[in-house]
Participant: 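Provided herewith is a single structure, encoded as structure tokens, for subsequent inquiry.
Positions are given from 1, in the same order as the sequence printed here. Bear in mind the structure is a predicted one, so any value in this text is a computation, not a measurement.
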Amino acid sequence: MDHALEDIEVDLFVRALKLRHGYDFSQYAPASLKRRVLQLVHSQHTGTISGLTHRVLHEPAFLPEVLEGLSVPVSEMFRDPEVFRALREQVFPVLASYPQINIWQAGCAHGQEVYSLAILLEEAGLYERTQIYATDFNEAALRHAQEGIYPAREAQLWSRNYLAAGGSHTLADYYSARYELIKLDQRLRRHVIFANHNLVTDEVFCEAHLVLCRNVLIYFSDPLQDRTLALFRDSLVRGGYLCLGTRESLDFAPSAIDFTPVNSALRIYRLGSRSEGVD
């Protein structure tokens, strides 16, 4: 197919999705969005992007499958374990000074990183005074996250990640295994609230001491990245922390002036400019 024609079809699909259902993907990175739309065409056997658009307009029940295909709910427990080790060693000691700790995990996908965070907070003795708000715009992903059930084949990698992140027990202490599945202990959910929140259209979600949003901004256009980073800035308490994905950065964002790097290599920042300090 002519690539220019495909681009027109993608634009019409995005407009139809926004006008019909209120989901705006117009500021997502074009190449990544187009790739996912074409994957949807293939998986849903619509033949063309126009066929996909027709179903979006005329089949309301089709929307969850579209959102599942357009989002990127791919993660693992303790992904980039050195980041979780840095949070435990460099951020948790400061969070410990607060009587109540609020953490916002934005774009939580299937919840692996939410439970990773809960485990490390538990082991640091901070979980009882922590509230984690785990958000995503994808309802199917949120339901998966709430269930906390994952393929057992992932357990070996996740166990290695856990130890590399500074875990003090064994990951098997936190799940039960059955029928080639593992189910994370429900006690890890006792201070987690899963909620629908769209970074494209929604406003400040909570007042947070730590915001984690890892490997989401890479799918956004520059203006949408700027909007999202400003949203995180406005959500953080003074001296609060922001943790991004290792392929993301504040370096060229207008919001960079508001943050001080804590660990630049691991994309951990603290709200407060270099000149002002944060303590």
Side-chain angles (χ1 to χ4, degrees), residues 1-76 79-80 105-113 135-145 196-203 212-232 244-255 267:
M1 177 182 282
D2 183 279
H3 291 299
L5 181 56
E6 279 187 342
D7 291 342
I8 293 171
E9 285 196 299
V10 170
D11 181 60
L12 292 172
F13 168 79
V14 169
R15 290 172 62 189
L17 191 58
K18 180 179 180 180
L19 292 172
R20 183 71 173 90
H21 300 288
Y23 287 92
D24 187 0
F25 286 83
S26 62
Q27 294 190 68
Y28 277 56
S32 174
L33 178 62
K34 182 177 179 179
R35 183 167 60 250
R36 281 177 278 162
V37 170
L38 290 172
Q39 288 170 349
L40 266 174
V41 169
H42 177 73
S43 65
Q44 297 300 325
H45 309 289
T46 62
T48 64
I49 300 171
S50 294
L52 194 67
T53 302
H54 178 84
R55 292 193 64 186
V56 163
L57 289 172
H58 298 284
E59 300 178 31
F62 183 50
L63 178 63
E65 294 181 61
V66 171
L67 296 180
E68 179 79 6
L70 293 180
S71 62
V72 191
V74 178
S75 190
E76 62 191 43
R79 182 178 185 177
D80 304 317
Q105 173 99 47
C108 69
H110 288 164
Q112 293 96 325
E113 293 192 4
T135 67
D136 205 285
F137 75 87
N138 184 335
E139 286 288 351
L142 286 171
R143 287 194 296 271
H144 192 155
N196 192 297
H197 182 275
N198 191 332
L199 291 171
V200 178
T201 56
D202 294 337
E203 299 302 325
L212 288 95
C213 185
R214 306 183 64 234
N215 306 305
V216 174
L217 297 185
I218 54 174
Y219 300 105
F220 290 177
S221 66
D222 288 347
L224 184 54
Q225 286 187 28
D226 293 342
R227 179 199 186 277
T228 304
L229 290 169
L231 181 67
F232 294 155
L244 302 177
T246 54
R247 290 186 290 162
E248 299 162 336
S249 176
L250 287 180
D251 289 349
F252 302 104
S255 299
R267 306 302 193 254

Participant: Within the structure provided, determine whether Val216 and Thr228 are in side-chain contact (heavy-atom separation under 4.5 Å).
Facilitator: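 Not touching, per the 4.5 Å side-chain cut-off.
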Participant: Does the side chain of Leu229 come within less than 4.5 Å of Leu217's, by heavy atoms?
Facilitator: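 The answer is yes, as the side chains (C-beta and beyond) meet within the 4.5 Å cut-off.
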Participant: Can you pull the salt bridge (Lys or Arg N to Asp or Glu O under 4.0 Å) pairs that have at least one residue in residues 38-54, sequence neighbours excluded?
Facilitator: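 Those involving residues 38-54 do not exist here.
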Participant: Is the shortest heavy-atom distance from the side chain of Leu67 to the side chain of Glu139 under 4.5 Å?
Facilitator: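 No, their side chains stay 4.5 Å or more apart.
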Participant: Quick one: list whatever passes salt bridge (Lys or Arg N to Asp or Glu O under 4.0 Å) with Asp7, sequence neighbours left out.
Facilitator: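 Lys34.
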Participant: Where do Cys108 and Asp136 come nearest, in terms of heavy atoms and distance?
Facilitator: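 Nearest pair, atom of Cys108 first, then Asp136: N-OD2, 3.4 Å.
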Participant: Where do Leu40 and Val66 come nearest, in terms of heavy atoms and distance?
Facilitator: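 Reported closest heavy-atom pair: CD1-O, 3.8 Å.
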Participant: Listed by chain and number, what are the side-chain hydrogen bond (donor to acceptor under 3.5 Å, both in side chains) partners of Thr46, not counting sequence neighbours?
Facilitator: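 By the side-chain hydrogen bond (donor to acceptor under 3.5 Å, both in side chains) rule, Thr46 matches no residue at all.
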Participant: Could you pull out all residues at least two apart from Phe232 that satisfy ring pair (Phe, Tyr, Trp, His ring centres under 6.0 Å)?
Facilitator: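 Phe232 satisfies ring pair (Phe, Tyr, Trp, His ring centres under 6.0 Å) with Trp104 only.
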Participant: Quick one, Leu70 and Tyr23 - any side-chain contact, counting heavy atoms below 4.5 Å?
Facilitator: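 With C-beta onward as the side chain, the pair stays apart.
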Participant: Going by ring pair (Phe, Tyr, Trp, His ring centres under 6.0 Å), name the residues that satisfy it together with Phe25, two or more places apart in sequence or in a different chain.
Facilitator: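 Ring pair (Phe, Tyr, Trp, His ring centres under 6.0 Å) check on Phe25 returns Tyr28, Phe137.
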Participant: Got a sec, which residues hit side-chain hydrogen bond (donor to acceptor under 3.5 Å, both in side chains) with Arg227, two or more places apart in sequence or on another chain?
Facilitator: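 Testing Arg227 for side-chain hydrogen bond (donor to acceptor under 3.5 Å, both in side chains), a comparison that skips the adjacent residues, returns Glu203.
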Participant: For Ala230, which residues count as a side-chain contact (heavy atoms from CB on, under 4.5 Å) partner, sequence neighbours excluded?
Facilitator: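 With neighbours one apart ignored, the set is Arg233, Ser255.
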Participant: Would a 4.5 Å heavy-atom cut-off, applied to side chains only, mark Ser249 and Arg267 as touching?
Facilitator: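 Yes, at least one pair of side-chain atoms sits under 4.5 Å.
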Participant: For the residue pair Leu57 and Leu19, establish whether any side-chain heavy-atom pair is separated by less than 4.5 Å.
Facilitator: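 A side-chain contact is absent here, since even the closest heavy-atom pair is not under 4.5 Å.
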Participant: State which residues pass side-chain contact (heavy atoms from CB on, under 4.5 Å) with Ile8; sequence neighbours excluded, sorted by chain then number.
Facilitator: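 Testing Ile8 for side-chain contact (heavy atoms from CB on, under 4.5 Å), a comparison that skips the adjacent residues, returns Leu12.
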Participant: Quick one: closest heavy-atom pair of Ala106 and Thr135, and the distance?
Facilitator: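 Shortest heavy-atom contact: CA-OG1, 3.6 Å.
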Participant: Partners of Ser50 by side-chain hydrogen bond (donor to acceptor under 3.5 Å, both in side chains), sequence neighbours excluded?
Facilitator: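 With neighbours one apart ignored, the set is Glu9.
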Participant: Provide the full list of ring-ring contact (aromatic ring centres under 6.0 Å, His included) pairs with a residue in residues 41-62, sequence neighbours left out, each pair given once.
Facilitator: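 Sorted result for residues 41-62: His54-His58.
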Participant: Under the side-chain hydrogen bond (donor to acceptor under 3.5 Å, both in side chains) rule, collect the residues that match up with Arg55, sequence neighbours excluded.
Facilitator: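 Per chain and number, Arg55 pairs via side-chain hydrogen bond (donor to acceptor under 3.5 Å, both in side chains) with Glu59.
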Participant: Closest approach of Leu63 and His21, non-hydrogen atoms and distance?
Facilitator: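 Shortest heavy-atom separation between Leu63 and His21 comes out as CD2-ND1, 3.7 Å.
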Participant: What residue pairs, at least two apart or across chains, pass salt bridge (Lys or Arg N to Asp or Glu O under 4.0 Å) with a residue in residues 19-31?
Facilitator: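 Every pair satisfying salt bridge (Lys or Arg N to Asp or Glu O under 4.0 Å) with a residue in residues 19-31: Lys18-Asp24.
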